Structures are given as structure tokens and as C-alpha cells.
Amino acid sequence: MNIPVITLGALANAYVPGLEQLRGPVTVVRRCEELPELMAACQTGLARAAIIAPGAVELTASLADRLRFAGVVIVALTEGPRAPAIEGVEYVASSADPATLADAVSRAVERFDASARPRGSLAYADPLDLPEAAPSPVDVRDELADRPADGRIMAVWGPAGGPGRTTVAINMAAELAAAGTSVLLVDADTYGASIGASLGLLDESAGLAQACRIADQGGFGGAALGRTAVSVAIKGGRLRVLTGITRPDRWPELRPAALGRVLEAARSLAEVTIVDCGFCIEADEELSFDTLTPRRNGAALRCLEAADSVIAVGGADAIGVPRLVKALAELADIVPTAVPRVVFNKVRAAAVGRVPETQLREAWERFGPAAGISAFLPVDVAAADQALLAGTALLETAPGSPLRHAIAELAGVPIAERPRRRPGRLLRNVKFSGNTDRLPR
Ligand SMILES: Nc1ncnc2c1ncn2[C@@H]1O[C@H](COP(=O)(O)OP(=O)(O)O)[C@@H](O)[C@H]1O
Ligand SMILES: [Mg+2]
């Protein structure tokens, strides 16, 4: 096997004569001075490995993934102590002789070929975001882990229009935490992050962006992730929170490849990780295949792909129902592995009819996908507003509310005592609730 390689940076280029003298197993096909030159050469499929000089470029997991997508493995020359290892990158001391370097290149390419998954197997495959190859034998992530990496990941997702994804995510997380489960709550909404504000966190640090930045450098585990999360006291328990981006234009900081690593680390930090996803999962494939532009929806897609379970939240009204039907069809298309549990929120007679659950079930049987509805969460404006105002979860401000009970049940933490108010009682105060003649039956 003769392996075509590209070199980047002076120290790597200096190896070229030595490698050529070996007459195999590597052939230098291009010497590059700068990263864009290297990227362009890799995109053409010219090479199988890139030998990169120390300091020629910042080595990150995203860069490794980008090159891996083009079928190129990185062999990094190192001088002195180096930063934590990045998966899939082969490291060689810059003092090594050309034969040692050539051996390292062969090894790296062999390992790459043995571990790489078929490219394009994901409908939304992105040059920036190839699924990770099998971990290398020395998996640095585990050095930092403080518990087995068996935590579960649950994505809370749903269409546009504020159906209540954040409300459901926060309150499920709070119920689980109060019941003694270790929980990490992650805000991965790239359009309207709001967990920090909803929990009254004066946190300008965008915990998730920070975690992504560190994960991108490699060597990231549960304990390191724990240090970037904020800890929030919730009645009888503690909830770890990774806040979202502070401005919508910071979305490129949530690189799917790095986010995937954060979620992997989350498995060894918490028993359950609940991720509040953005609504939009459009793939924009044509655009992203031709360019190396990151995609705004990549974060939601990566979360949905990584999740062990998905809660799909829809608004229980004439707009929310068809939106959820459409969104679920899109989800089935783009992330076929996801098996969502359908949840209707803000369930109220005023919007769908006198017996809203029956009404919604009938509509769902007619128009919705085969999977049934998992939960109906009643509207409770007073309870939702009170929790928001206090910057906490319903179990603190409205522990007896039907909404809190319904979410607790959805989280698998049913509460023994009965709700104080019966669902619907508050509806007497809703503007149109008395006007039943005009409501659809
Ligand atoms: N069951 C409910 N009853 C009343 N208000 C609700 C309910 N669920 C959510 N809300 C309110 O609706 C608004 C949008 O909810 P949010 O959870 O932020 O939606 P999303 O995350 O889907 O955009 C918030 O003001 C929230 O307090
Ligand atoms: Mg939200």
C-alpha cells in the first residue's frame, strides 16, 4: 500500500525529503503552508493522511472530524508536553526519524479504515459532523469520568410556536432531581435558549458553548463536564444545568461534533440528561455538502440522534396539532432512529372542545402517525407564570397543580397526593371557555 499524504507547516514539510528517500509506504502529494490549502487539497480526495507540524493549526476534534469526512487522518507532530489527545489523531514526536513517522502514518490509516463507518449513512451527514469512529485503544475521556458511562439521554423537542419544550424539560428534570436521580439539564436550543432565564440564572457564560469548546480540544469526560455546569438547588435535590447560548448568533459555537462529545461525557456525569432542543431540524444538505459552513440545525439533529428517548411536545390547538404532525414526519425522515413519545401541552377545552383529551385523540387517530399520545398536560397559566416569575420549577411554586402532576407522571415520578385543582377548573377564567356553543365538538 502506498499512502498519499499531505504535509502542513515547516516542520512537517522538512520531513518530505526523508520520507521520499524511504520509497514507501508513504508518498507526499502536497506540501501546504496554511490550513485553507490543506482543507482544499483534502476535499479533492487527494490524500489519506495529513502530517501537521506543531503549532501550524489549532488541533481540535472538529478539525479531525472535518478531515475524517474527507477520508483523511491526522498525524500530528508534537514538541514537548502536548494538550489532551484528540480521538483518532495519531501523535508522533517531531524528533522522530522519517521511518518512524511513516510507520505512524500507516498505523493511523489502517486504524481509520478499520473503524470508519460508511460515509453518508446519515440522511443529514455534514462535512463538519461525521459520526465518531470507534474510539482509539487509549480512550482519554474515561480518565476523567466519575461514574460508568451509562447515563441516559432524553431529548425534548417539538415544532415552532412555543408549545412548551422548555417548560417540559425543566420540570421533568426537576422532578427527577427531587426524587434523587442525578440529572443534567442541557439547553441546546440554537434559536431561543431560555433555560437560564427560566431558572433565574444570571449566567452569562453559556455553559454548553463552554463545554463544547473544551470538548473540541479533546480529553473531556464526566468530571470535566461537571465543572462547566451550574448546580441549582431543587426541593430535596440538586440539578446540574448547562445553560444555552446567550445570543442567537452564537449558534456556530454549538458544533455538532463537539456537542456529540459533550453528550457522551454527560452519560458519565448524570444518570439522566435532559436536552431542550431547538425546533428546527431541516437538513439543508445541498448547502452543507458543498461548503464547510456549519449548520444551525446541526445541534438539534445531533441531540436527537444521540438521545435514547425523545419527547415530542405539541401545542394542543388548531395550529399546534398539524404542526406536530408535520414535524414528526420530518423527524421520521431525518432521524429515523428516533422513536418519539407524543405529548400535548396547554390542553384546554377552549382550544379544542369540551372534552379536550377525547378531541385530541380523535384528531390524532385521523391525522397523526401510528404512535399514540403519551401525555396530556393541562394548561395552567397561573402555575406556569408563577414558576417563571420565581425562576424555578413547578414543584417549588405550584406543587399541587395538575400541570406539575402530569409532568411528574411523564417523568416516571408519579406523586402520591392528588392534585389540588382538577384540570380545567382554571378554564372558567379563560376568555372563551364559557362560550361552548361556538367551540368545535
Ligand atoms: N401547560 C402550560 N400552561 C400554561 N402555560 C404554559 C404551559 N406550558 C408552557 N407554558 C408557557 O408557554 C410559554 C412558552 O413555553 P416554553 O416552555 O418556553 O415553550 P418552548 O420552549 O416550546 O418555546 C411560556 O410562557 C410558558 O410559561
Ligand atoms: Mg424553549
Side-chain angles (χ1 to χ4, degrees), residues 154-175 185-201 208 241-246 248 251 254 274-281 297 299-300 303-304 310-317 319-321 323-324 327 340 342-352 356-357 360 373 375-398 400-411 419 421-427 429-431 433:
M154 178 190 292
V156 179
W157 166 83
R165 297 166 303 227
T166 303
T167 305
V168 170
I170 289 177
N171 286 286
M172 284 181 83
E175 294 297 340
L185 176 62
V186 180
D187 192 342
D189 187 338
T190 49
Y191 289 85
S194 63
I195 285 181
S198 304
L199 288 176
L201 299 172
L208 182 58
V241 181
L242 275 181
T243 51
I245 45 178
T246 48
W251 63 265
L254 305 188
I274 295 183
V275 191
D276 180 359
C277 302
F279 63 91
C280 192
I281 54 172
N297 304 337
C303 294
L304 289 161
V310 175
I311 302 265
V313 184
D317 55 43
I319 293 171
V321 176
R323 268 194 187 158
L324 183 59
V342 173
V343 171
F344 276 111
N345 185 29
K346 307 189 195 181
V347 173
R348 59 208 187 275
V352 281
E357 298 191 3
L360 285 165
I373 302 169
F376 297 92
L377 311 178
V379 78
D380 196 336
V381 177
D385 282 349
Q386 213 180 341
L388 266 187
L389 198 61
T392 185
L394 291 163
L395 60 80
E396 299 256 11
T397 50
S401 67
L403 178 57
R404 185 255 165 143
H405 279 248
I407 297 181
E409 201 156 307
L410 179 64
R421 280 195 310 257
R422 289 216 321 277
R425 206 170 134 206
L426 200 77
L427 291 174
N429 303 328
V430 175
K431 201 172 160 196
S433 61

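Since we're looking at a predicted model, the values are computed, not measured. Each ligand, and each atom within it, is numbered from 1 in the order the structure gives.
Taking 4.5 Å as the limit, every side-chain heavy atom of Asn171 sits out of range of all side-chain heavy atoms of Leu395. Leu403 places a side-chain heavy atom less than 4.5 Å from the side chain of Leu377. Using a 4.5 Å heavy-atom threshold, the side chains of Val275 and Trp157 count as separate.
Checking side-chain atoms of Asn345 against main-chain N and O of Pro163 turns up a donor-acceptor pair under 3.5 Å. For the pair Arg165 (side chain) and Pro159 (backbone), a donor-acceptor distance under 3.5 Å is present. Side-chain atoms of Asp276 do not come within 3.5 Å of backbone N or O of Ala169 as any donor-acceptor pair.
Applying the side chain to side chain donor-acceptor pair (under 3.5 Å) test to Ser194 and every residue at least two apart in sequence or in another chain returns Thr166. Shown here are the ring pair (Phe, Tyr, Trp, His ring centres under 6.0 Å) partners of Tyr191, two or more places apart in sequence or in another chain: Phe279.
Of all protein atoms, those that are N, O or S and lie under 2.8 Å from the Mg ion (ligand 2) total 1.
Atom CG of Asp380 sits about 5.5 Å away from atom OG of Ser401, to the nearest 0.5 Å.
In this structure, ligand 1 sits under 4.0 Å from heavy atoms belonging to Gly162, Pro163, Gly164, Arg165, Thr166, Thr167, Asn345, Lys346, Pro378, Val379, Asp380, Val381, Ala384, Leu388, Leu403.
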